[in-house]
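Report on the structure given below.
Numbers restart at 1 for each chain; the letters A, B, ... are given by sequence-line order, proteins then strands.
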Number of protein chains: 2
Amino acid sequence: MGKAKKYRSNCLQYLALDVFGDKWTLLIIRDMIIEGKKYFREFLKSKEKIASNILASRLQAMEEEGIIHKKNDPQHKQKIIYLLTEKGIDLFPILMENARWSMKYQPVDREDAKKAQAILDGGPEAIQAIMEKLKKEHLTE
Amino acid sequence: MGKAKKYRSNCLQYLALDVFGDKWTLLIIRDMIIEGKKYFREFLKSKEKIASNILASRLQAMEEEGIIHKKNDPQHKQKIIYLLTEKGIDLFPILMENARWSMKYQPVDREDAKKAQAILDGGPEAIQAIMEKLKKEHLTE
DNA sequence: TTATTTTGATTTTATTTTGCAACTGGTTTT
DNA sequence: AAAACCAGTTGCAAAATAAAATCAAAATAA
């Protein structure tokens, strides 16, 4: 029997927001993609100071939604490596659209804006290139 | 003296999510753009059944953020017309990226998907065209 | 003109989510 | 062996969200 999740609606927007329409999920994705973070303790050190219990519950939810997956660190028996799935990597274009909007209307950090603008100037090909690189790093078996 | 809002960070993502990174804002924007809704009672009738107090507080917050603006209905003195600002219309590309992602990974309604795909097939020009049309409808003074 | 309905909310009460700080059992480093 | 580090967990308070009932002003119907 399928474990069909019951949704409030099957609208395109609702089904997207159901996965990442909260305060933290996209920030964690940002930390993974932009900052290259992989470990629990690294996520804790983000600028926005997420609490450890919130982080733990978010990571679990993200894994259940299939946008990240866990791996054991072969070096450290204690450490867990958090990696993106393809479904998670495909959130990158959304991050870039958010960035485009923020740069137009919000008091963003100038350094961040420069980096983002460089990618946007490269067009969809630049975004695709970054996603291909992410796939090599994160989908490695 | 400026009323500078204090942010937890000036990151591109955080500053975007601070405005629309909640459960309802983008759904209300969707109702305005896709369904053409303009009145309080219309928003109440959305598929996801937002409560009236939540709707009221969301609309107020959205107005304070400058993504919507209110107008009095000349026909009905009681009615208030909710319209998008340019800042709000510029959220449309984000909705379209969300739609693209949902179509790839979520059990979306087929009719909704068809309409969205038609727009995406038109490329950035199709999205721009819709935004120009929205400007004519919503920014009319 | 009176009664009813409709408007955009507000109030009340209950539930859920978030946030903070301390702590855990174990591992690695020094 | 001691200290630092690891991914979480626990308990409790505060804040956000939700459902239902209610509101006064205005429009409509009788």
Side-chain angles (χ1 to χ4, degrees), chain A residues 5-9 13-14 17-28 31-32 35-65 68-84, chain B residues 5-9 13-14 17-29 31-32 35-65 67-84:
Chain A
K5 192 170 169 183
K6 204 55 196 152
Y7 293 108
R8 207 155 168 171
S9 91
Q13 298 305 319
Y14 182 80
L17 298 175
D18 187 61
V19 175
F20 55 82
D22 69 290
K23 194 176 168 181
W24 293 109
T25 299
L26 285 184
L27 295 179
I28 295 170
D31 282 350
M32 296 180 84
E35 316 273 337
K37 293 180 183 175
K38 290 182 174 56
Y39 301 107
F40 193 92
R41 294 282 150 176
E42 290 182 303
F43 298 123
L44 279 186
K45 287 173 200 148
S46 76
K47 306 166 220 171
E48 296 87 7
K49 305 216 183 305
I50 187 170
S52 69
N53 56 340
I54 309 290
L55 176 59
S57 81
R58 273 300 109 200
L59 289 171
Q60 190 185 330
M62 290 165 76
E63 196 190 6
E64 284 166 10
E65 292 289 355
I68 64 170
H69 63 113
K70 293 199 226 180
K71 221 182 84 181
N72 289 323
D73 189 323
Q75 265 73 45
H76 291 246
K77 197 175 291 181
Q78 190 79 353
K79 278 186 173 176
I80 293 172
I81 304 178
Y82 292 93
L83 295 171
L84 292 161
Chain B
K5 192 168 168 183
K6 207 51 198 155
Y7 293 109
R8 208 155 169 169
S9 91
Q13 296 306 318
Y14 181 80
L17 298 175
D18 186 61
V19 175
F20 56 83
D22 70 290
K23 194 175 169 183
W24 291 109
T25 299
L26 285 185
L27 295 180
I28 295 170
I29 298 286
D31 283 349
M32 296 179 84
E35 316 273 338
K37 294 181 183 175
K38 288 182 174 56
Y39 299 108
F40 194 92
R41 296 279 153 173
E42 291 182 303
F43 298 123
L44 278 186
K45 286 174 200 146
S46 76
K47 306 167 219 169
E48 295 87 7
K49 304 214 184 305
I50 186 170
S52 72
N53 57 341
I54 308 291
L55 176 58
S57 80
R58 273 301 109 201
L59 288 172
Q60 190 184 329
M62 290 165 77
E63 196 191 7
E64 283 166 10
E65 292 289 355
I67 60 179
I68 64 170
H69 62 113
K70 293 198 223 177
K71 221 181 85 181
N72 290 322
D73 190 324
Q75 264 73 45
H76 295 249
K77 201 174 287 183
Q78 189 75 356
K79 277 189 174 177
I80 293 171
I81 304 178
Y82 292 94
L83 295 170
L84 292 162

> 5'-most contact on DNA chain D: A:K45 or B:A51, nearest heavy atom basis?
Replying inline: A:K45

> What residues, two or more places apart in sequence or in another chain, satisfy ring-ring contact (aromatic ring centres under 6.0 Å, His included) together with A:F40?
Replying inline: none

> So do the side chains of A:T25 and A:M62 get within less than 4.5 Å of each other, counting heavy atoms only?
Replying inline: yes

> Rounded to whole angstroms, how far apart are CG on B:D73 and C1' on C:dT6?
Replying inline: 13 Å

> Roughly how far, to the nearest 0.5 Å, is the CG atom of B:L26 from the CG atom of A:L17?
Replying inline: 5.5 Å

> B:M32 versus B:F43: any side-chain heavy-atom pair under 4.5 Å?
Replying inline: yes

> Hey, does A:I80 reach any base, or is it just sugar-phosphate, or nothing, if we go heavy atoms under 4.0 Å?
Replying inline: sugar-phosphate

> Side chains of B:K77 and B:N72: closer than 4.5 Å at any heavy-atom pair?
Replying inline: no

> Reading nucleotides 23-30 of chain D 5' to 3', which nucleotides get B (base under 4.0 Å from a protein heavy atom), which S (sugar-phosphate only), which -?
Replying inline: --BSSS--

> With side chains defined as the heavy atoms from C-beta onward, is the minimum distance between A:Y14 and A:R8 less than 4.5 Å?
Replying inline: yes

> C:dG26 P sits how many Å from A:K79 NZ, rounded?
Replying inline: 20 Å

> CD1 of B:I54 versus P of C:dT10: gap in Å, rounded?
Replying inline: 13 Å

> What's the NZ-P distance between A:K71 and D:dA7, to the nearest Å?
Replying inline: 15 Å

> Between atom CD1 in B:I68 and atom P in C:dG8, what is the gap in whole Å?
Replying inline: 13 Å

>> Are B:E35 and B:S46 packed together at the side-chain level, in the sense that at least one heavy-atom pair is separated by less than 4.5 angstrom?
In response: no

> Under the side-chain hydrogen bond (donor to acceptor under 3.5 Å, both in side chains) test, which residues partner A:S9, sequence neighbours left out?
Replying inline: B:E48

> Hey, does A:I28 have a side-chain heavy atom less than 4.5 Å from the side chain of A:I68?
Replying inline: no

> Between D:dA18 atom P and B:L44 atom CG, what is the distance in whole Å?
Replying inline: 13 Å

Using a cutoff of under 3.5 Å, can you pull out all pairs of nitrogen or oxygen atoms linking the protein to nucleotides 9-13 of chain D, with atom names and distances?
residue: D:dT9; atom: O4; partner: A:S52; partner atom: OG; Å: 2.7

> Quick one: B:K23 NZ to C:dT17 P, roughly how many Å, whole number?
Replying inline: 8 Å

> Heavy-atom distance under 4.5 Å between the side chains of B:Y39 and B:I80, does that happen here?
Replying inline: no

> Distance check: side-chain N/O of B:W24 vs OP1/OP2 of D:dA18, anything under 4.0 Å?
Replying inline: yes

> Just the dot-bracket of DNA chain D, please: which string comes out with Watson-Crick or G-U pairs under 3.5 Å, [ ] for crossing, | for another strand?
Replying inline: ||||||||||||||||||||||||||||||

>> Enumerate the salt bridge (Lys or Arg N to Asp or Glu O under 4.0 Å) contacts for residues 17-28 of chain A, please, sequence neighbours excluded, ordered by first and then second residue.
In response: A:K5-A:D18, A:D22-A:R58

>> Using whole Å, what does the distance between atom P of nucleotide C:dG8 and atom CG of B:L59 come to?
In response: 10 Å

